[in-house]
Amino acid sequence: MDILRVLSRGIKKSAPAAAPPQLPSAGSCPNPQFFHDDVGPARGKKRKRKGRPQHDSAAAAHDSDGDGDGDSDPALSAESHTAAPAPANPQPKPQPPTPKARLLDDDECRQTLRSHRLKLTVLFNPADQPKPPPKKAKKDKDTTAAAKPSPRKDDKKQQIYPQPLTSFSELRHLYGVSQQLAANITRQGFRVPTEVQMGSLPLLLHPETALERTEAPLDVARGVDFLAAAPTGSGKTISFLIPAIDGILRRRGEQPSDEHVLEALIVAPTRELASQIVNEGRKLALSTGVRVVLMKKSLRVAAEEAAQDADADQDADEAASDHGSEAEAEAEAASGESGGESGGESDGPSKDSPKLAKVDILVTTPKTLLNFLAGKAGASKTLPSVRSLVLDEADVLLDPLFRRQTLRIWRACTHADLALTCWSATMGSSIETLIAQQLHKQARRTDTAPKPLVRLVVGLKDLAVPNITHKLVYAASEAGKLLALRQLLHPVSSADSGPALRPPFLVFTQSIERAQALHDELKYDIPLEAGGSARVAVLHSSLPNAARSRIMARFRAGDVWVLITTDVLARGVDFAGVNGVVNYDVPTSAAAYVHRAGRTGRAGREGGVAVTLYTKDDVPYVRSVATVIAMSERQAGKEPGAGTVQQWLLDALPRVARDDKRKLKVRGVEARRTGGRATITTTSAWQRRRDNNKRGAIEGSKRRKKEAQRQQRDGAPAADVDADAEWAGLD
Ligand SMILES: Nc1ncnc2c1ncn2[C@@H]1O[C@H](COP(=O)(O)OP(=O)(O)OP(=O)(O)O)[C@@H](O)[C@H]1O
């Protein structure tokens, strides 16, 4: 069987544009939750955790009235959390009528949170801070130091047990979310809240209710600042969109007005992710009157002119030097993808559109908004009406790559009650410290007391993607890698080289050049009968924005089966039906691996595969990938030794020095940056050299002939042609 038959399976000749064949990781998943451990009822005592996240019926049966709206009895839910795991495909049982939602008591909260591996920790509590001495001279450093919130050391951090959201119906009954917003959530088909939604929504919507039954000495009257680290595809987007929409509707309820006021600002690192958030937001805000808008160069939003804060740059620099060494620089830096926004266009503010846009929630990439905020001659604009700032993929936004831009945007939000929420699947402790310090600076700037800072961690803190199959495939050379990629598409040899990949899937490369080169190699691999070269596409940040949007739409629609890309699509982008991810070039950090692999197996869907190809050039860097794979397989309940990564391999792979790791994150694998190995081809280096030499010889011979003819014509003696010169530099 050949690639034609694999890729054209289920495709009629007459209908090349038909959707791809059966997608194991597509479709709806009855339970999007990752974890549902059996925990004992005794307070404070831990039972041994079950390894594998169980998609059991107990959690899925939260929708106990079976009407699809997620209605359930929280008490029943609490019982179900402590029950023994149910069989995989249980028959729906007749349920008693749903009693009114009620708050869980402290023990029930603890059990439910533990059973879903939700850990909420207070990173900073203003109540713990010593009172600052009275203000003296401005430059009195000691005074500042005394008032500085020192994030607690890990061992002293206080854990809290707020109400978990056990069903979406509680949003309305316990947390007062509007009927329309609740209906929009139901319309999206969301039945069971994911872990991150369970842990974050009560605290963000109504912190006082969320903490009513616990002993936490937290003053949440002004809300909380919030960090969440939760697995890829676990539903973080609606976790920040619901509170943003709800906050606006609440204030409108208190002071009825038809005006649109920019109240929430969502920052995402790439254009694709920002557009996706806008789409999600619009679905949730349908018929509520809340407008969710994507920032564009022509857009003007309500802003105030402000003089440049002289300390601003210094602050950013300080922050960078404090944390730059530790922060996780993503592979975007390496691939020159930092301009998720750099899509070829200049995004400067347009002067021809004086009208302010009607916006309640603005979604933006850092650069586009900064272009709008940047004023003339050192002045800059502020956004005083923004009360909620959301940093999606916060670790990369606060990474040295984007840090200065992100901090400038943060400083432009001058509302005294600004609430910050930060979201990612990978949040290092250095980022947490940076956020805590910046919150303190912000409080000083706006002359307000800082709010409590709460962190939610879903699952173990180790980096992992537990619900997919991981494969590491060694290839002897670049040409071998290309062969291996083709073999992955070929079911006959799949037994040797890993699982067969079914389209659609994503192929990640290190750089724009390599993505382009791989596309050139693969684009004719799909026969005409199956759709031909239109089935293979490439997307990177050098393409114009319109082309990027078109390719995204075609991939989502299933028209493109193989999408070759760079790390510009590694974060946040949600393609529900993606069956696989191929790391054609090794990701440059463990976090980068998590984000790339997390493009498949979204919202609890099973059947996703992540294959990482590596050659001897990559061996020094494979350890971090292998460690994530081992951790994922452990979390998925695989016996030691039964997974992809054997202990001997982990022991054998070399550890990478800290400096080399940093270099790799910034530059990628050096061997692929320049020279012959930067290109992707099936021709061996020896063959390429021979071809080049041959070509050089032919060209040299032609040149000599011409020279001889010229000499004959002019009557001058022929020049002594250095044969070697023709050979130089061609390879
Ligand atoms: N409660 C839910 N039930 C079912 N599906 C859900 C639920 N919440 C979100 N989803 C779906 O899960 C998918 C992944 O969600 P989302 O993109 O928010 O994940 P994420 O946590 O932000 O991932 P990443 O870390 O990769 O950015 C989306 O298709 C979303 O519609």
Side-chain angles (χ1 to χ4, degrees), residues 1-11 13 15-21 272 335 337 343-344 475 477-491 493 497 500-544 546-570 573 575 577-585 596 599 611 613 672 676-684 687-688 691:
M1 199 188 293
D2 64 9
I3 195 166
L4 182 147
R5 289 178 56 192
V6 182
L7 294 175
S8 57
R9 207 183 313 158
I11 301 293
K13 276 192 172 189
E272 281 70 21
S335 59
E337 291 290 285
S477 62
E478 269 306 314
K481 256 180 22 171
L482 199 54
L483 201 67
L485 176 58
R486 287 191 159 121
Q487 279 180 345
L488 286 168
L489 302 166
H490 200 300
S493 52
S497 53
L501 279 180
R502 291 209 224 164
F505 58 89
L506 285 161
V507 182
F508 285 100
T509 58
Q510 177 177 302
S511 62
I512 295 170
E513 294 72 31
R514 287 180 63 79
Q516 202 65 62
L518 188 58
H519 180 239
D520 291 343
E521 268 293 327
L522 286 188
K523 70 179 165 196
Y524 299 115
D525 275 25
I526 300 201
L528 219 55
E529 295 91 324
S533 59
R535 295 288 191 205
V536 186
V538 61
L539 191 153
H540 49 72
S541 65
S542 293
L543 295 177
R548 282 162 73 167
S549 307
R550 252 194 328 271
I551 294 165
M552 289 287 283
R554 285 178 50 223
F555 190 57
R556 282 189 202 285
D559 294 340
V560 169
W561 293 355
V562 181
L563 182 54
I564 300 160
T565 187
T566 61
D567 280 295
V568 77
L569 288 193
V573 181
F575 300 110
V578 166
N579 285 318
V581 165
V582 179
N583 289 315
Y584 187 80
D585 291 333
R596 283 183 180 187
R599 293 317 97 205
V611 184
L613 305 175
R672 295 201 190 102
R677 279 186 288 179
T679 54
I680 292 171
T681 170
T682 36
T683 324
S684 69
Q687 175 83 34
R688 284 201 310 275
D691 292 349

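FYI, the numbering just counts along the sequence from 1.
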Where is the tightest heavy-atom contact between [X] and [Y], given as atom of each residue plus distance?
X    : Y    : result
R596 : D585 : NH1-O, 2.8 Å
K481 : L613 : O-CD1, 3.7 Å
F505 : G580 : CB-O, 3.0 Å
G480 : A475 : C-CB, 3.6 Å

From the options [options], select the one residue that forms a side chain to side chain contact (heavy atoms under 4.5 Å, CB included) with [X].
X    : options                : value
V536 : L563, L518, I526       : I526
F555 : V573, V562, V578, L569 : V578
F508 : V581, T566, V568       : V581

Taking [X] for its side chain and [Y] for its backbone only, find out whether a donor-acceptor pair lies under 3.5 Å.
X    : Y    : answer
T509 : T565 : yes
R554 : A534 : yes
R599 : F575 : no
N579 : P503 : yes
K523 : A537 : no

Out of curiosity, [X] [atom1] to [Y] [atom2], how far, rounded to the nearest 0.5 Å?
X    : Y    : atom1 : atom2 : result
S549 : E272 : OG    : CD    : 7.0 Å
S533 : L522 : OG    : CG    : 12.0 Å
R548 : S541 : CZ    : OG    : 6.0 Å
R550 : L539 : CZ    : CG    : 11.0 Å

Check: Heavy-atom distance under 4.5 Å between the side chains of L482 and Y584, does that happen here?
Finding: yes
Checklist line | Stepwise side-chain contact (heavy atoms from CB on, under 4.5 Å) check, H540 with R514 | finding: CA-CA 10 Å; H540 49 72; R514 287 180 63 79; over 6 Å; no
Margin query: Working note: E521 + R486, criterion salt bridge (Lys or Arg N to Asp or Glu O under 4.0 Å); need CA distance, chi angles, decisive distance, verdict.
Written below: CA-CA 11 Å; E521 268 293 327; R486 287 191 159 121; 3.6 Å; yes
